[in-house]
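Data block below; observations after.
Every chain is numbered from 1 and lettered A, B, ... according to where its sequence line falls, protein lines coming before strand lines. Computed over heavy atoms, backbone and side chain alike; hydrogens, waters and symmetry mates excluded.
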Protein chains: 2
Amino acid sequence: MLQLTKRTEYGLIALVHMVDRPGVFVSAREICDTYKVPRRLLAEVLKTLSKAGLLASHRGATGGYMLVREPELTSVAQAVSALEGNPASSSCSPSPVDDSNSLFPILDSGSGCDMSPTCPIKTPIQRLRDGIWSLLQQTSLRDLAAPTAAAVNANPLGELLQSAQTLTY
Amino acid sequence: MLQLTKRTEYGLIALVHMVDRPGVFVSAREICDTYKVPRRLLAEVLKTLSKAGLLASHRGATGGYMLVREPELTSVAQAVSALEGNPASSSCSPSPVDDSNSLFPILDSGSGCDMSPTCPIKTPIQRLRDGIWSLLQQTSLRDLAAPTAAAVNANPLGELLQSAQTLTY
DNA sequence: CCAAATAGCACTGATTTGGTGCGCAATCAT
DNA sequence: ATGATTGCGCACCAAATCAGTGCTATTTGG
């Protein structure tokens with residue numbers, strides 16, 4: 001489905017939470033106590049984000065996780081890419097890319113579609129995915145945490161988000 | 001996963017195919033013979049799109065399916081919405097909307113999140129979804145079939161698609 | 001009448017997803 | 001030192017989703 005998994009949602013919750021706690025290690029306990037997400041699962045998610053290089057971890061009594069980079073330097077796409085498998089493993093997609101340098105395998109182009117050259121939707125589907133992925137790529141954790149007018153304007157999402165309601169919660 | 005299902009891909013293939021066959025009923029056989037998609041499954045998909053009001057069907061020997069509206073009046077979002085369940089049934093989402101008038105339940109706002117008011121990602125997640133959905137909404141079958149410069153410019157996807165390669169297949 | 005096509009219903013196997021159990025290793029406060 | 005706290009690694013499970021299929025009935029054009 002065209003939907004973020006719970007794991008990804010939990011991951012984004014955690015990441016956004018850490019945007020407000022720069023420079024300190026935040027434990028999984030603190031996060032799950034705050035947002036009522038399954039502790040064990042959140043731990044798994046944080047572990048993954050850590051292995052993906054988005055978070056730094058520290059063990060021990062006062063341990064936890066911390067953003068490795070500035071919030072504006074980490075994109076939602078990186079989190080999604082880390083938490084959900086390789087999204088390019090679709091029928092109309094290039095063969096799986098093992099290039100660890102590529103954080104966005106879905107963007108890699110190729111010719112692995114078994115329906116080509118007759119498939120009329122190959123490129124369209126890819127364009128669709130590229131569009132979605134671009135959205136995620138160009139949305140930083142900072143944008144996600146507290147979208148300012150500047151962020152909205154500097155971001156391709158901005159136009160789309162103009163009409164989005166800004167809730168106070 | 002943040003990915004279109006096979007059903008949706010097949011559906012889009014069929015829809016795009018029909019963009020090039022305006023005014024005539026296209027059989028499932030013709031489509032699956034052309035693009036090598038499972039016949040039985042494609043039939044199921046077309047049935048669904050028909051029930052959703054995107055396609056008109058005609059039974060009998062020369063029967064088949066035909067686009068109900070002009071290709072620019074049907075959005076990818078409508079197809080996705082018809083072929084994949086209600087995408088709003090997520091944790092940070094409003095309760096399922098049974099309003100049949102709303103083709104895009106994901107866009108409906110509400111307060112069904114069981115994590116509010118502490119959840120800091122509720123609105124961000126929704127904005128993300130809204131952004132993705134807006135992309136799909138504002139991409140017509142025409143855009144998908146043969147994106148012209150005009151379509152690209154008139155479409156929010158345009159900016160994102162500028163860098164997308166235009167393959168000849 | 002027959003062949004071709006959609007409509008309806010039900011079903012299956014494989015994969016993904018959400019979530020958990022448990023022991024080990026590191027680290028800090030006392 | 002030592003125990004409490006925290007992350008780490010590995011394996012596991014149940015439910016949901018997904019891709020794909022079987023079969024029959026009904027409509028319709030030639």
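Taking E30(B) as the reference, R21(B) meet the salt bridge (Lys or Arg N to Asp or Glu O under 4.0 Å) condition, with sequence neighbours excluded.
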Trace of the side-chain contact (heavy atoms from CB on, under 4.5 Å) decision for L12(B) with L4(B):
CA-CA 10 Å; L12(B) 290 177; L4(B) 299 175; 4.1 Å; yes
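Of the two residues contacting DNA chain D, namely K47(A) and G60(B), the nearest-nucleotide position lying further toward the 5' end is that of K47(A). Positionally, the nearest nucleotide of DNA chain C for Y65(B) lies more toward the 5' end than for the other of R59(A) and Y65(B). Both L41(A) and A43(B) lie close to DNA chain C; mapped to their nearest nucleotides by heavy-atom distance, the more 5′-ward contact belongs to A43(B).
The closest side-chain donor-acceptor pair between T8(A) and E84(A) falls under 3.5 angstrom. Side-chain polar atoms of H58(B) and Y65(B) form no donor-acceptor pair below 3.5 angstrom.
Among the nucleotides dT20(C), dA7(C), dG18(C), the one closest to any side-chain atom of K6(A) is dG18(C). Closest approach to the S57(A) side chain among dG19(C), dA7(C), dC8(D) is made by dC8(D) (side chain taken as heavy atoms from C-beta onward). Here the side chain of S27(B) is nearest to one of dT6(C), dA7(C), dT21(D), namely dT6(C). When each of dC10(D), dT17(C), dC28(C) is scored by its nearest atom to the side-chain atoms of T5(A), the top-ranked nucleotide is dT17(C).
The side chain of Y10(B) contributes an N or O atom lying less than 4.0 Å from OP1 or OP2 of dG20(D).
For L2(A) and dC18(D), the CG to P distance is 11 Å, given to the nearest whole Å. Taking atom CD1 on I31(B) and atom P on dT6(C), their separation rounds to 9 Å, with Å as the unit. The separation between E84(B) atom CD and dT16(C) atom P is 16 Å, rounded to whole Å. Atom CZ in F25(B) sits roughly 12 Å away from atom C1' in dT28(D) (whole-Å rounding). The distance between atom NE2 of H58(A) and atom P of dA25(C), rounded to the nearest whole Å, is 18 Å. Separating the CD atom of E44(B) from the P atom of dA5(C) is a distance of 17 Å, rounded to the nearest angstrom. Rounded to whole angstrom, the span from the CD atom of Q3(B) across to the C1' atom of dC18(D) amounts to 12 Å. L4(B) places its CG atom 14 Å from the C1' atom of dC18(D), with the value rounded to the nearest Å.
More than 12 non-hydrogen atoms from other residues, nucleotides or ligands lie less than 6.0 angstrom from CD of E72(B).
Nucleic acid contact for R29(A): sugar-phosphate only, since backbone atoms but no base atoms lie under 4.0 Å from a heavy atom of the residue.
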